[in-house]
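Here the structure is laid out as structure tokens; the discussion comes afterwards.
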Amino acid sequence: MKFTKMHGLGNDFIVVNGFKEDVRIIFEKAEKICDRHAGVGADGILLVLPSDKCDLKMRIINSDGSEADMCGNGIRCFARYAFSRGLVNRMSITVETPAGVIKPEIIIKDDLIESVRVDMGCYSLRKKDIPVTGNPDEEAVDLEISVDDRVFKFTGVSMGNPHCVIFVDDVEGFPVERFGPAIERHPLFPKRTNVEFVEVKGQNRLKMRVWERGAGLTMACGTGACASAVAAYKKGIVGPKVTVSLPGGDLFIEIEDNGRVYMTGPAVEVYSGYIDLNTL
């Protein structure tokens with residue numbers, strides 16, 4: 001099977017062209033393919049597939065074999081791959097995902113792909129959309145969650161996938177590996193959740209570390225950066241244009257009055273190769 005390794009701010013993916021490869025076996029062997037010692041190694045796998053209502057369709061398989069609804073860093077890599085391979089011939093494209101139609105735009109400077117700006121759709125804070133247990137039409141703002149004898153306040157945000165945003169004083173020193181897994185699988189979140197730990201660095205800057213649902217500790221999370229910016233914006237901490245700093249680099253997030261969110265950041269192609277799935 002031919003694949004291409006890509007990353008967005010260190011959040012890395014194995015991209016497979018479903019127009020040319022039989023992707024059915026990938027679902028069975030995703031964990032082994034993503035294994036960093038015995039496989040290619042990645043946070044997840046992106047499948048480029050045909051769509052009957054958009055330019056292309058994206059499916060996302062996490063490193064634990066589960067399937068994700070949406071991935072912000074993944075959609076930027078997906079768009080760059082599709083554009084550079086000639087699968088689309090326009091810089092603005094539509095992509096079908098389980099979270100709905102996502103619209104990435106390739107940004108070119110000096111004849112090179114500089115970044116990808118993505119219309120991420122509208123956020124929701126309603127418990128039923130995230131989902132969070134409780135009154136389905138209430139907003140999940142400043143709720144409490146108890147983990148390992150600690151009580152945190154969090155804001156739940158849906159960006160087409162679930163997020164639990166927790167503000168902390170020192171994100172670098174915070175034990176993400178301890179609390180992230182427990183919160184991901186907490187009974188409050190019936191479909192599990194991504195967990196963002198966020199430090200406010202100024203009126204227009206946040207610093208974030210993330211525990212991703214199905215992938216664990218990663219270098220970056222695009223939907224998580226969007227969710228963190230939304231949570232901070234709704235609480236009056238930041239304005240509608242926010243730079244979110246992650247271990248892998250920065251993402252620029254814009255929030256419109258109508259609830260629509262835009263994310264801009266890099267997507268990098270590392271290498272292409274072949275893997276014999278029969279050996280895994």
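Remember, it's a predicted structure, so these values are computed and weren't measured experimentally.
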Worksheet entry | side-chain contact (heavy atoms from CB on, under 4.5 Å) between V210 and V195, worked out | CA-CA 6 Å; V210 61; V195 192; over 6 Å; no
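- Checking side-chain atoms of D55 against main-chain N and O of T94 turns up a donor-acceptor pair under 3.5 Å.
- Other residues, nucleotides and ligands place more than 12 heavy atoms under 6.0 Å from the CG atom of D276.
- Using a 4.5 Å cut-off on side-chain heavy atoms (C-beta onward), F189 and P131 make no contact.
- Listed here is the closest heavy atom pair of G156 and L125: O-CD2, 3.4 Å.
- By the 4.0 Å N-to-carboxylate-O rule, D148 lies too far from R150 to be salt-bridged with it.
- Between P266 and R76 there is a side-chain heavy-atom pair separated by less than 4.5 Å.
- Shortest non-hydrogen contact noted between N161 and M70 is ND2-O, 3.2 Å.
- Between E96 and R59 there is no salt bridge, since no side-chain N of the basic residue sits under 4.0 Å from a carboxylate O of the acidic one.
- One hydrophobic cluster, built from ILVMFWY side chains closer than 4.5 Å, cannot hold both I14 and M6; they sit in different ones.
- No continuous path of hydrophobic side-chain contacts links V23 to Y81 [ILVMFWY only; heavy atoms under 4.5 Å].
- Exactly one residue among I75, L46, D69 makes a side-chain contact (heavy atoms from CB on, under 4.5 Å) with I60. That residue is L46.
- Summarising the geometry, atom OG belonging to S66 is positioned 8.5 Å from atom CD belonging to E31; distances are rounded to the nearest 0.5 Å.
- Note that OG1 of T193 and CD1 of I130 are 8.0 Å apart. Values are rounded to the nearest 0.5 Å.
- Side chains of V198 and V171 form no contact here, defined as non-hydrogen atoms less than 4.5 Å apart.
- Using a 3.5 Å distance cut-off with no hydrogens or angles, the side chains of T223 and H163 do pair a donor with an acceptor.
- Shown here is Y271, whose OH atom has more than 12 heavy atoms of other residues, nucleotides or ligands within 6.0 Å.
- The existence of a salt bridge linking E199 and K201 is confirmed by a sub-4.0 Å separation between a basic side-chain nitrogen and an acidic carboxylate oxygen.
- Taking 4.5 Å as the limit, some side-chain heavy atom of K235 sits within range of a side-chain heavy atom of F167.
- No single ILVMFWY cluster, assembled from side-chain heavy atoms under 4.5 Å apart, contains both I107 and I102.
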Item to complete: Tell me, with the steps shown, if I255 and Y123 meet side-chain contact (heavy atoms from CB on, under 4.5 Å).
Response: CA-CA 9 Å; I255 305 167; Y123 68 83; 4.0 Å; yes
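- In the hydrophobic cluster analysis, where Ile, Leu, Val, Met, Phe, Trp and Tyr join through side-chain heavy atoms closer than 4.5 angstrom, I166 is grouped apart from I237.
- Note that CG of L280 and CE of M1 are 8.5 Å apart. Values are rounded to the nearest 0.5 Å.
- A229 approaches V238 most closely through the heavy-atom pair O-CG2, 4.1 Å.
- Across C226 and M120, no two heavy atoms sit closer than the pair SG-CG, 4.0 Å.
- For K32, the NZ atom sits in a loose shell: 12 or fewer heavy atoms of surrounding residues, nucleotides or ligands are nearer than 6.0 Å.
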Discussion item. Assess the residue pair L277 and I275 against the criterion (side-chain contact (heavy atoms from CB on, under 4.5 Å)); give the C-alpha distance rounded to whole Å, side-chain angles, the decisive distance to 0.1 Å, and a yes or no.
Written reply: CA-CA 6 Å; L277 298 179; I275 183 169; 4.0 Å; yes
Discussion item. Run the salt bridge (charged side-chain N to carboxylate O under 4.0 Å, His left out) test on R85 and E269 for me, step by step, so that the C-alpha distance in whole Å, both residues' side-chain angles and the decisive distance to 0.1 Å come before the verdict.
Written reply: CA-CA 12 Å; R85 296 302 191 282; E269 182 171 329; 3.0 Å; yes
Practice prompt. Test salt bridge (charged side-chain N to carboxylate O under 4.0 Å, His left out) on K57 and D52 and set out the steps.
Written response: CA-CA 9 Å; K57 180 178 181 178; D52 57 7; over 6 Å; no
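- Counting heavy atoms from C-beta outward, L47 and N17 have side chains that stay 4.5 Å or more apart.
- Ring planes of F152 and F179: perpendicular class, angle over 60° (limits at 30 and 60°).
- Within 6.0 Å of the CE atom in M219, the count of heavy atoms belonging to other residues, nucleotides or ligands exceeds 12.
- Side-chain atoms of T218 and E212 form a donor-acceptor pair, as typed in the model, at a separation below 3.5 Å.
- With hydrogens and angles left out, the side-chain atoms of T243 and D250 include no donor and acceptor closer than 3.5 Å.
- Atoms OH and CD, on Y262 and E105 in that order, are 9.5 Å from each other to the nearest 0.5 Å.
- Atom CD of E28 and atom CD1 of I33 lie 10.0 Å apart (nearest 0.5 Å).
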Item to complete: Show the numbers, then the answer: is there a side-chain contact (heavy atoms from CB on, under 4.5 Å) between F78 and V15?
Response: CA-CA 7 Å; F78 182 98; V15 186; 5.6 Å; no
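- Put simply, the side chain of R213 never gets that close to the backbone of N62: no donor and acceptor are under 3.5 Å apart.
- In this structure, the side chains of L56 and S51 stay at 4.5 Å or more apart for every pair of heavy atoms.
- Residues S124 and D129 bring a donor and an acceptor atom of their side chains to less than 3.5 Å of each other.
- The distance from atom NZ of K234 to atom OG1 of T155, rounded to the nearest 0.5 Å, is 10.5 Å.
- In plain terms, the two heavy atoms of I113 and F83 that are nearest each other are CD1-CD2, 4.0 Å.
- For the pair F174 and D169, the minimum side-chain heavy-atom distance is 4.5 Å or more.
- Counting only distance, with no hydrogens or angles, the side chain of R90 and the backbone of S92 share a donor-acceptor pair below 3.5 Å.
- A donor-acceptor pair under 3.5 Å links the side-chain atoms of D35 to the main chain of H37, judged by distance alone.
- Counting non-hydrogen atoms of neighbouring residues, nucleotides and ligands closer than 6.0 angstrom, the CG atom of D111 reaches no more than 12 such neighbours.
- Evaluated for a side-chain contact (heavy atoms from CB on, under 4.5 Å) with F13, the options I45, T4, N73 yield exactly one hit, N73.
- In the hydrophobic cluster analysis, where Ile, Leu, Val, Met, Phe, Trp and Tyr join through side-chain heavy atoms closer than 4.5 angstrom, W211 is grouped together with L143.
- Between V95 and P104 there is a side-chain heavy-atom pair separated by less than 4.5 Å.
- Under 4.0 Å is where a charged nitrogen must lie from a carboxylate oxygen, and between E172 and K207 at least one such pair does.
- Using a cut-off of 4.0 Å between Lys/Arg side-chain N and Asp/Glu carboxylate O, E196 and R209 are scored as not salt-bridged.
- A salt bridge does not link D137 with K127: none of the charged nitrogens is closer than 4.0 Å to a carboxylate oxygen.
- Side-chain N or O atoms of K103 include none that pairs as donor or acceptor with a backbone N or O of G121 at under 3.5 Å.
- Closest approach of S63 to G214, counting heavy atoms only: OG-O, 3.5 Å.
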